[in-house]
Protein chains: 2
Amino acid sequence: MAKTDKRRQIMQAAEKLFAAGRFHEITTDEVARVARVGKGTIYRHFRDKEELFFETATSGFDELCDLLREKVPTGGAFGERLHEACVQITGFVRLRREWFGMRQSQERLLPCMAGGFSKRWLAKRQGLVAAVADILREGVAQKAIRADIPPDVLANFLLGLLRTRERDLADTPAALRKYQVVVDMFCRGAGAAGGHGSPGGKRGRRGRVSGKDSAR
Amino acid sequence: MAKTDKRRQIMQAAEKLFAAGRFHEITTDEVARVARVGKGTIYRHFRDKEELFFETATSGFDELCDLLREKVPTGGAFGERLHEACVQITGFVRLRREWFGMRQSQERLLPCMAGGFSKRWLAKRQGLVAAVADILREGVAQKAIRADIPPDVLANFLLGLLRTRERDLADTPAALRKYQVVVDMFCRGAGAAGGHGSPGGKRGRRGRVSGKDSAR
DNA sequence: AGCACAATACTGACTGGTCAGTACTGTTTC
DNA sequence: GAAACAGTACTGACCAGTCAGTATTGTGCT
């Protein structure tokens, strides 16, 4: 059995456990037991409990970034890309529910962590934001996404909306459909040149996010 | 010194500390020290550390609800009410930054808590959501807010957007202005009868959130 | 007022349990 | 046979919660 297998086993167990309980409530003995691994093996792969936690909490970012870059390649209609990105993100969140829950619960705690963890964490998260922002940037270029808000801010909004929704949704069959609400909200809110009545708004035009349908 | 003073001292210290570190990293000794109170006094006011934490983490919900009901009374133009609500919420968040940070960081941990904490927490949070939803409901009645998404879902979205923004913003003088982006996004996304190009969308009309400007 | 006494609030040194991390032994794998 | 491992016993730091003792406040009496 390759070394990386053990590492993965441990991380999977940690992910599961950390998702269900608080950091201090999860013992390394428990992680070892669930991972079907000797306790010492954990310390063979991770310096300490903090690092195990950090690596586990962070892993999803990389995976999701890879997924986005793979499944939502550059080029093609922007509307489709955005939609596909949302599908991938929500799909990933559903697939890796435990990681997602864990990330949610512990995100803001990490900056309090000792040493360089805080920066490493932010860098990881920023990677995901950047991946989403890249897609949105293309939308801006195609006049489908409003240009007055920086793409990375919009990317954060989108992720925030998905997150909000995720908190409320059980893992029901209807859940995926309900994510459409998020996409819908976002597209209307972030679409280019939309008119509205909120304070500060000035424009009177409205664009379609897909950038190709001209029903208006 | 009245009993409530000590209690408040303790809660203030706890809020400050819990905002900066994880539950298990904050010792009751530290809370006592910061609160300038004997350790035993904590246990005179709170059953245990969990309860101290819960009460502290929860207090802001009530305060914010009271604030909303006071400063955003029923009646009046919906657009103004929504705007005022956002101002109040963001103002509160800025004022009670520590509580907000703490709430953010520990929210999802609470459901893992023993006993009835989980339900009590959700109930408290639901109170805030309901307060915001009530305001939005009026917007629906006035045709300013779309009716196809339940008000409480929209309320969650709004709170989520504010939250997302809060995470990114330092406490700069420009910060308050930047919240307008959230309000703007939300109003466009949640405004009644808006056309857009997102998947599943069908409508072609667009309304103004303020519900009193008739540019369309 | 001044005193006695009770009730309540408070303090902080102490304790008992918990758990991260280590050490060691015997086993499997390559 | 050596490297990785499971299993387990061990240890030392750490910390939530306790409790015996002290301070403060309230009350009734003279």
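All of these numbers come straight from a predicted model, not from anything done at the bench. Letters A, B, ... are given to chains in the order of the sequence lines, protein chains preceding strands, and every chain is numbered from 1. Below, all heavy atoms of this structure are taken into account, side chains as well, without hydrogens, waters or symmetry copies.
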Legend entry - Spacing of K49(A) atom NZ relative to dC14(D) atom P, expressed in whole Å: 15 Å

Inset, instruction - Give a yes/no on whether any side-chain N or O of R44(B) is located under 4.0 angstrom from OP1 or OP2 of dA9(C). - result: yes

Inset, instruction - Have a look at V31(A) and tell me which of I10(A), T56(A), V37(A) forms a side chain to side chain contact (heavy atoms under 4.5 Å, CB included) with it. - result: I10(A)

Legend entry - Nearest-angstrom distance from the residue atom CG of D29(A) to P of dA6(D): 14 Å

Legend entry - Between C1' of dG17(D) and CD1 of I26(B), the distance in whole Å: 18 Å

Inset, instruction - Could you tell me whether the phosphate oxygens of dC10(C), OP1 or OP2, come under 4.0 Å of any side-chain nitrogen or oxygen in H45(B)? - result: yes

Legend entry - Rounded distance (Å) that lies between atom P of dA20(C) and atom CD of E51(A): 16 Å

Legend entry - Interatomic distance, F53(B) CZ vs dG17(D) P [rounded to whole Å]: 14 Å

Inset, instruction - Taking only Lys NZ, Arg NE, NH1 and NH2, and the carboxylate oxygens of Asp or Glu, determine whether R8(B) and D5(B) approach each other closer than 4.0 Å. - result: yes

Inset, instruction - Taking only heavy atoms on the protein side, list every residue of residues 31-42 of chain A lying under 4.0 Å from any atom of DNA chain D, sorted numerically. - result: R36(A), V37(A), G38(A), T41(A)

Inset, instruction - Specify the separation, in whole Å, of atom OH of Y43(B) and atom P of dC15(D). - result: 12 Å

Inset, instruction - Measure from CD on Q9(A) to C1' on dA6(D) and round the result to the nearest Å. - result: 12 Å

Legend entry - Full working for ring pair (Phe, Tyr, Trp, His ring centres under 6.0 Å) between F157(B) and F186(B): CA-CA 8 Å; F157(B) 280 158; F186(B) 179 77; 8.1 Å; no

Legend entry - Euclidean distance, atom CZ of residue R8(A) to atom P of dC5(D) [Å, nearest integer]: 14 Å

Inset, instruction - Could you tell me how the ring of F53(A) sits relative to the ring of F23(A): parallel (under 30°), tilted (30 to 60°) or perpendicular (over 60°)? - result: perpendicular

Legend entry - Beyond-backbone contact of R188(B) with R188(A), side-chain heavy atoms, under 4.5 angstrom: no

Inset, instruction - Using salt bridge (charged side-chain N to carboxylate O under 4.0 Å, His left out) as the criterion, list what pairs up with D48(B), not counting sequence neighbours. - result: none

